[in-house]
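What follows is a single structure, written as structure tokens, with notes after it.
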Amino acid sequence: MLARYLPLLQCYGNIMGRTTIIARPLLASNFSTNRTTSQDANASAQSEGRREEQDSSSKEDDVKFKIFNAALPLVHQLGWTKECLEAGAESIGLSKSSHGIFEHGGTSFVHFFHRNCNKELRKIAKDEQIESAKSDELTKVHQLLEQRLQMILPYLPQWPQAMALMARPHSSLDSYKLLYELADDICFFAGDRSLNATWYTKRAAVAGLYITGELSLVQDKSANCDESWRMLARRIDDLRKVEEFGGSCSRQQEILKDIAQSSLTLIRNLTGMQSYQRNSR
Amino acid sequence: MSLRLSPALRHLRASKFTCNNCLRKKHTKISDEVHGMLRVDHAGEFGANRIYAGQMAVLGRSKSAALIQHMWDQEKEHKKIFDDLMVKHRVRPTALMPFWHIAGFLLGAGSAVLGEKSAMACTVAVEASIVEHYNDQLRKLANENPEKHAEIMAAIKKCRDEEQEHHDTGMDKGAEQAPLYKAMTAAIKVGCKAAIALSTKV
């Protein structure tokens with residue numbers, strides 16, 4: 001059977017051989033252009049990062065978004081599942097199997113929902129110019145958190161299923177990443193520009209607040225989920241108190257430093273070292 | 001039509017540039033590598049600030065005080081430059097900031113306690129490491145895409161030139177006459193390398 005292909009291979013080998021011999025200078029230049037093309041491709045992978053994101057969003061993400069939008073109203077009957085995505089795809093005229101664009105079914109559905117909500121939040125923060133508002137940082141954090149938590153309100157009865165899907169081990173990495181991005185966005189748009197340990201503590205606090213809010217909403221039985229909003233307001237007040245305490249601590253630190261310095265001077269005076277220093281200068 | 005993927009495409013197939021979900025190019029604005037570079041530079045300038053603060057705390061009333069203060073002021077400017085770049089690109093700062101806060105001060109104060117020439121030797125060692133590190137970064141950025149990274153490269157160049165100045169000033173002020181000069185500079189350079197490796201990732 002191989003014999004059938006042997007002439008073809010020989011022919012190919014001849015062509016390659018001949019081209020190698022005749023076109024060696026050409027190939028050499030090709031190779032150098034290959035190197036620069038790889039550099040260029042490398043560079044374009046970097047520089048077109050932003051355009052790539054927009055481009056891919058116009059092709060693949062577009063279809064994904066259409067199916068997602070069509071499937072969302074059906075979540076109440078079918079839950080965050082592959083079947084819901086199938087029904088959504090069918091309702092806009094695509095084939096049932098196009099749900100496969102969401103690789104992991106229900107989990108990808110919830111993941112996309114979170115990504116979309118985070119995008120919406122960024123849009124709201126930019127449109128309402130929250131960054132430049134007069135209120136203090138914690139008020140803005142409160143505002144943004146409430147906006148974000150309100151986005152899950154329409155799907156509250158099925159939200160425990162969504163939370164369970166995101167809590168699975170194989171999707172936990174993704175959920176941590178999403179939570180990190182959410183906390184980072186909220187802190188950034190609330191005006192935080194710190195670049196030290198407080199960067200971490202603020203984002204951890206916001207992430208914790210989001211999770212607490214989500215958990216509270218899921219089991220809230222009051223009208224309009226008022227209990228959860230009140231709980232959130234109380235947590236923000238707690239954070240405010242912690243901030244004030246931290247500020248007063250650093251003020252105490254200054255006083256302690258002064259006390260330490262003056263006691264050192266006192267000791268130097270008593271032991272006569274002060275005059276020694278003055279004489280040696 | 002080649003039988004194998006061309007070097008360009010083969011490079012793209014590697015996971016550094018492909019998104020794990022869709023195998024297309026990764027959706028990033030500036031790459032994680034450049035994020036790491038900004039993070040470590042910011043940490044470095046913060047550390048340098050703390051080293052000079054430590055030196056001033058001990059040598060604040062000596063002959064070298066004015067010189068150390070001048071170098072410290074320049075480091076403050078450098079830190080401001082990287083602060084702005086970090087905020088602009090939304091880069092996460094290093095988690096080891098509290099550690100560098102203390103370690104930098106101890107290094108500066110420790111070297112100053114050994115004498116003015118030792119303080120200069122410490123400066124020389126640190127600045128030599130930093131200049132080498134900045135040169136590596138400039139090479140990497142220039143290889144990738146000089147136009148895209150123009151702003152970052154300009155910032156690094158400015159800082160590198162002034163750090164080189166500090167290094168030369170330190171040498172002029174007799175750093176090499178410090179006791180145990182070779183051992184001290186070798187140890188500090190190793191410490192700086194370790195710090196750079198850590199802060200790029202953590």
Side-chain angles (χ1 to χ4, degrees), chain A residues 12 16 30-31 33-57 59-61 64 101-104 108 111-112 115 173-174 177 180-181 183-185 187-189 191-201 203 257 261 277-278 280-281, chain B residues 2-3 5-12 14 16-34 38-39 42-43 45-46 57 61-63 79-80 82-88 90-101 141-149:
Chain A
Y12 184 73
M16 287 306 284
N30 250 354
F31 186 68
T33 47
N34 261 348
R35 212 181 284 135
T36 43
T37 352
S38 80
Q39 265 181 14
D40 278 342
N42 201 351
S44 64
Q46 307 283 333
S47 67
E48 283 185 318
R50 217 169 272 160
R51 269 182 282 149
E52 263 297 321
E53 200 162 4
Q54 287 166 6
D55 276 350
S56 70
S57 75
K59 285 176 249 170
E60 179 192 310
D61 264 10
K64 234 176 167 174
I101 205 174
F102 290 89
E103 262 187 32
H104 301 291
S108 302
H111 186 271
F112 196 84
R115 248 182 61 195
L173 202 63
D174 282 331
K177 244 198 285 188
Y180 160 75
E181 281 171 11
D184 192 24
D185 279 336
C187 288
F188 182 76
F189 287 113
D192 174 43
R193 297 288 179 272
S194 64
L195 287 170
N196 48 20
T198 52
W199 189 97
Y200 288 86
T201 51
R203 275 134 185 90
K257 220 165 58 168
Q261 265 181 350
Q277 269 207 353
R278 222 182 302 138
S280 68
R281 226 183 303 150
Chain B
S2 63
L3 287 178
L5 283 174
S6 74
L9 287 179
R10 215 184 309 140
H11 192 270
L12 282 180
K16 189 174 171 198
F17 291 110
T18 46
C19 170
N20 284 331
N21 284 330
C22 57
L23 285 184
R24 297 167 70 86
K25 290 183 201 164
K26 211 167 185 182
H27 313 296
T28 50
K29 293 191 179 173
I30 63 167
S31 68
D32 286 343
E33 206 182 337
V34 180
L38 284 177
R39 182 175 315 129
H42 176 255
E45 294 302 339
F46 176 71
R61 295 201 208 134
S62 68
K63 295 190 302 286
K79 178 160 182 302
K80 180 84 185 41
F82 281 112
D83 280 348
D84 295 337
L85 279 173
M86 293 275 280
V87 167
K88 179 176 174 191
R90 305 266 307 261
V91 180
R92 169 180 69 85
T94 175
L96 298 169
M97 288 294 253
F99 185 65
W100 301 142
H101 186 89
L141 290 172
N143 275 337
E144 272 184 24
N145 188 346
E147 292 93 33
K148 183 186 184 200
H149 301 303

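Reminder, nothing fancy here: chain letters follow the sequence lines and each chain counts from 1.
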Options B:R90, B:H42, B:H101, B:M97, ranked by heavy-atom pairs under 4.5 Å with chain A, top entry = B:R90

Proximal component of A:F102, with respect to chain B [non-hydrogen, under 4.5 Å] = neither

Contacts of A:T198 that satisfy side-chain hydrogen bond (donor to acceptor under 3.5 Å, both in side chains) - sequence neighbours left out | A:S194, A:N196

Validation row: A:H111, A:H104 side chains within 4.5 angstrom (heavy atoms) | no

Any side-chain heavy-atom pair of B:W100 and B:T94 under 4.5 Å = yes

Output all residues satisfying side-chain hydrogen bond (donor to acceptor under 3.5 Å, both in side chains) with A:R193, sequence neighbours left out; order by chain, then residue number.
-> A:E131

Segment of A:D192 engaging chain B (4.5 angstrom heavy-atom cut-off) = neither

Contacting moiety of B:S62, where chain A heavy atoms sit under 4.5 Å = neither

